[in-house]
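A quick note: this is a predicted structure, and the numbers were derived from the prediction, not measured.
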Amino acid sequence: MGRTNPTYRDALRAIEECWAEFRRALRRRDQPRFDRLFEYAREHADASGLLNHQNPLLPALLSIDLEQEARLDDHEERLEELEAAIAARDDQESAPPDSNP
């Protein structure tokens, strides 16, 4: 029987292992952030595997970018909601009181 090609998930695991020394050298507060980046890459492993790119790091980086873009969108949406709520509250506070005799 012939050998099978490694899966994209195998390649991603190998990339993560190559960066293990870098991770260990990071400050403790940055290590969970580093781990999160690889979680992002794993979330898109199916799409990255279909790409079958010669350099598996490139789809991993794009996957990380996609997840960070989604997080930015979520934060921007939340910020807009908070700004709208503050504006509505400010409008209520600056409105003249109702005068009912």
Side-chain angles (χ1 to χ4, degrees):
M1 287 276 167
R3 275 188 356 194
T4 60
N5 291 334
T7 66
Y8 178 77
R9 291 178 194 279
D10 293 335
L12 189 57
R13 199 168 316 137
I15 292 169
E16 192 170 5
E17 289 171 9
C18 287
W19 285 87
E21 289 294 322
F22 177 83
R23 183 194 181 281
R24 275 194 287 280
L26 290 173
R27 295 178 185 207
R28 284 191 191 269
R29 71 173 185 256
D30 291 328
Q31 290 177 356
R33 294 175 181 138
F34 177 89
D35 295 340
R36 194 175 318 131
L37 296 178
F38 277 94
E39 288 173 22
Y40 294 161
R42 282 189 290 275
E43 287 180 19
H44 296 278
D46 292 338
S48 297
L50 288 175
L51 182 61
N52 198 24
H53 199 278
Q54 289 179 345
N55 183 352
L57 182 58
L58 294 178
L61 293 173
L62 186 60
S63 297
I64 291 167
D65 286 344
L66 282 171
E67 286 298 315
Q68 289 181 338
E69 188 68 21
R71 287 185 58 153
L72 282 173
D73 288 346
D74 291 343
H75 290 305
E76 287 174 359
E77 184 178 315
R78 184 166 181 238
L79 180 60
E80 288 172 5
E81 290 171 2
L82 290 171
E83 287 173 341
I86 289 170
R89 185 194 68 201
D90 290 347
D91 288 345
Q92 278 183 336
E93 289 176 358
S94 66
D98 290 339
S99 56
N100 290 332

_Apply salt bridge (Lys or Arg N to Asp or Glu O under 4.0 Å) to residues E16 and R13 and explain how you reach the verdict._
CA-CA 5 Å; E16 192 170 5; R13 199 168 316 137; over 6 Å; no
*Locate the shortest heavy-atom distance separating L37 from I64; write the atom from each residue and the value.*
O-CG1, 3.2 Å
*Would you give the length of the straight line joining atom CG of L66 to atom CG of L62, rounded to the nearest 0.5 angstrom?*
4.5 Å
*CD of E67 to CD of E43: how many Å apart, nearest 0.5 Å?*
4.5 Å
*Per the side-chain contact (heavy atoms from CB on, under 4.5 Å) rule, which among R78, R71, E77 passes with H75?*
R71
_Same apolar cluster: F34 and L61, side chain cutoff 4.5 Å_ = yes
*asked:* side-chain contact (heavy atoms from CB on, under 4.5 Å), that's the test. Do D73 and E76 meet it? Break it down for me.
replied: CA-CA 5 Å; D73 288 346; E76 287 174 359; 4.2 Å; yes
_Presence of salt bridge, R27 and D30, under 4.0 angstrom_ = no
*asked:* Strictly distance-based, threshold 3.5 Å: is any side-chain N or O of D90 a donor or acceptor partner for the main-chain N or O of A87?
replied: no
_If I take atom NE2 from residue H44 and atom CG from residue L51, how far apart are they, to the nearest 0.5 angstrom?_
13.5 Å
*Give a yes or no on this: more than 12 heavy atoms of other residues, nucleotides or ligands lie within 6.0 Å of atom CD of Q92.*
no
*Please check if the side chain of Q31 supplies one atom and the backbone of R23 the other of a donor-acceptor pair under 3.5 Å.*
yes
*Between Y8 (side chain) and P56 (backbone), is there a donor-acceptor pair under 3.5 Å?*
yes
*Roughly how far, to the nearest 0.5 Å, is the CD atom of E17 from the CG atom of L12?*
10.5 Å
*Could you state whether L82 and L72 fall into the same hydrophobic cluster, counting links through intermediate Ile, Leu, Val, Met, Phe, Trp or Tyr residues with side-chain heavy atoms under 4.5 angstrom apart?*
no
*Using 4.0 Å as the upper bound for N to carboxylate O, is an ion pair formed by E39 and R33?*
no
_I'd like to check I86 versus R89 (side-chain heavy atoms, cut-off strictly below 4.5 Å). Are they in contact?_
yes
_Nearest 0.5 Å, please: how far is OG in S63 from CZ in R42?_
11.5 Å
